[in-house]
Participant: 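Okay, handing you the structure first.
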Amino acid sequence: MGRFGATAIRLHRTLLNSAVGCSWVIIAVTAAYLVCGAMAFVAWRITADDAWVTEFFQVPAALAMLWLSATQFWLAGQAAYHFAAGEPMRRVWTWITLSAACGLAGTVSTQIFAVKSPLNPLMLLPAWRTDSALAVWHEAGSIIGGTLQFAFLACGLRLAVRVYRQAGFLGRLKWSDRALLIAFAAYLVAVVYDVAVAFRAGKPWRWSEAAVWPVDPLLWLLLLQALLLYRSVKRMGPGWIGRCWKTLSFAVFLTALGDVGTWAFNYGYLPYPWSAVVWYVWLPAAAAYALAPAYQLEAIHRATGSFPRG
Amino acid sequence: MRAHLLTCEGCSREWRRVSNAAAPDGGAADRGLLAGILAGIESWESAPSRTEDVKARVGSAIASFLGPHATDELLGAVSAQGDNLFSTLEPVVALFLGCRAASALVDHLVARSIPRAL
């Protein structure tokens, strides 16, 4: 039992240390994937064969999204663990870890189980190959990886904003931030209008669709919080702590951009084939979500001296 | 008393020590050391540049975590003698990095910055 306990502690320490300094790995992997994605896009345009892009998103990009979601969950959990119970940042990172767990479950559901691809183990079972079964996975993934993920993230960011206020460094929104929030609010109105028109045209009510409606209002709230955090970081100046929150703000901004782009694509506002560029937004967004806790951990380890202080 | 000192070894040793210290040339080394320490304290207190030096060193290290603007703002609240330097900075660092990390960072800065300034 003693030897087992010592081995478990050693393994735990090794895993803890493995989380330190992995930001460059996340950046390198994402950059490599984006280069491959750009090459697939160019190959599609040259050969006129869209299999280049669809297969890129079905297998390598799905694997990258899965890895980034799992990394974000793992690192956010580690960040929460490094704060003592009762410390404000412990609660911040606990909410973000919950959000990351939902993000991971959503990614598994929508990118793996909801797609007819070689990555989907459910394709071996005839009952799960049907389009209706795939749609169930997609809807479940959209609720967990959409509404729930963003609701938990909003709880975490609300507490992070409170920490900045407590420290006396809460930033103030600029006119450009307010303009962005007004533009996103206008987008919300457009989405509500589209839904109302669809219902008036006889679209049937479905609970699974209604459960995803809070995503856009939540994204508006997240955008507000992200802008406040970004302005707070700008007020404090560049530093290890600010790098974490600036990256998380960037992740939220990319998510909002991807959401608007997907809506514009679905309603035909973006001309084909350039609308496909929207699909590439999700990879850097997922990378930014994973990088934020990585930077938080690096800041902590630099402070404790277990990572070069620089 | 003299008779007792003749018979008690412990008391006679203590008497010799006190007598030597009170003598004009006795305990000169101790007094020299004390004078050196007092002069060092006086010189430290009368040299604001040293306090500024420590503040600058600590500020530079903290700025890499909090950011230069935040650090400047916090250092503005530190007294001229710098006696509240760490008590001003540590709680803010602890908010963002946790008490354990903030405490380790301050320990490191105290060990690194103050001896260099002496």
Side-chain angles (χ1 to χ4, degrees), chain A residues 16 20 78-94 159-172 229-246 248 292-293 295-310, chain B residues 49-118:
Chain A
L16 273 181
V20 181
Q78 289 304 311
Y81 173 81
H82 275 83
F83 289 94
E87 287 185 328
M89 277 295 174
R90 169 77 165 241
R91 290 173 64 203
V92 170
W93 284 107
T94 303
L159 293 175
V161 167
R162 196 186 283 178
V163 169
Y164 269 94
R165 181 180 289 128
Q166 197 180 337
F169 293 112
L170 187 63
R172 296 184 68 180
L229 286 172
Y230 177 72
R231 291 296 164 202
S232 306
V233 169
K234 291 284 274 184
R235 182 180 164 185
M236 291 176 79
W240 290 110
I241 294 164
R243 186 178 284 199
C244 156
W245 298 105
K246 197 160 77 175
L248 202 51
Y295 285 142
Q296 173 72 73
L297 283 169
E298 283 182 13
I300 291 171
H301 284 276
R302 276 174 203 278
T304 54
S306 52
F307 198 69
R309 284 190 169 97
Chain B
S49 62
R50 286 208 176 126
T51 312
E52 289 305 315
D53 187 36
V54 171
K55 276 168 78 172
R57 281 176 199 279
V58 172
S60 154
I62 292 286
S64 65
F65 290 90
L66 289 181
H69 308 321
T71 307
D72 286 348
E73 214 171 302
L74 289 172
L75 288 179
V78 173
S79 69
Q81 293 77 29
D83 46 8
N84 62 340
L85 175 63
F86 291 109
S87 60
T88 303
L89 296 174
E90 189 174 348
V92 180
V93 178
L95 263 179
F96 291 102
L97 298 181
C99 292
R100 204 168 27 186
S103 171
L105 180 62
V106 165
D107 285 350
H108 167 74
L109 291 176
V110 167
R112 201 188 65 167
S113 307
I114 293 181
R116 278 194 192 178
L118 278 170

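Below, chain A is the first sequence line, B the second, and so on; all start at residue 1. All figures in this text were calculated on a predicted structure; none of them were measured in a lab.
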Participant: Write down the atom of A:R235, the atom of B:E73, and the distance for their closest heavy-atom approach.
Facilitator: NH2-OE2, 3.2 Å
Participant: Relative to chain B, which segment of A:A299 carries a heavy atom at a distance below 4.5 Å: side chain, backbone, both, or neither?
Facilitator: both
Participant: If you count heavy-atom pairs within less than 4.5 Å of chain A, which of B:G98, B:S103, B:A102 leads?
Facilitator: B:G98
Participant: For the NE2 atom of A:H82 and the CG atom of B:L97, what is their distance to the nearest 0.5 Å?
Facilitator: 11.5 Å
Participant: Between A:F169 and B:L66, is any pair of side-chain heavy atoms under 4.5 Å apart?
Facilitator: no
Participant: Rounded to the nearest 0.5 Å, what separates atom CZ in A:F83 from atom CZ in B:R100?
Facilitator: 9.5 Å
Participant: For a side-chain contact (heavy atoms from CB on, under 4.5 Å) check, start with the C-alpha distance between B:F96 and A:M236, then their side-chain angles and the critical distance, and finish with the verdict.
Facilitator: CA-CA 12 Å; B:F96 291 102; A:M236 291 176 79; 4.0 Å; yes
Participant: Please report the interatomic distance CZ(A:R162) to CG(B:L95), rounded to the nearest 0.5 Å.
Facilitator: 12.5 Å
Participant: Considering non-hydrogen atoms only, spot the tightest contact between A:A303 and B:A101 and give its length.
Facilitator: CB-O, 3.8 Å
Participant: Does atom CZ of A:R231 have more than 12 heavy-atom neighbours from other groups under 6.0 Å away?
Facilitator: yes
Participant: For A:P88, which atoms come within 4.5 Å of any heavy atom of chain B: side chain, backbone, both, or neither?
Facilitator: side chain
Participant: Among A:A160, A:P238, A:A167, who wins on heavy-atom pairs under 4.5 Å with chain B?
Facilitator: A:P238
Participant: Assess whether side-chain contact (heavy atoms from CB on, under 4.5 Å) is satisfied between A:T304 and B:L105, documenting all intermediate values.
Facilitator: CA-CA 6 Å; A:T304 54; B:L105 180 62; over 6 Å; no
Participant: Which is it for A:I300 and B:F65 under the side-chain contact (heavy atoms from CB on, under 4.5 Å) test, yes or no, and what are the steps along the way?
Facilitator: CA-CA 9 Å; A:I300 291 171; B:F65 290 90; over 6 Å; no
Participant: My understanding is that only residues two or more places apart in sequence, or in another chain, count here; which of them pass salt bridge (Lys or Arg N to Asp or Glu O under 4.0 Å) with B:K55?
Facilitator: B:E52
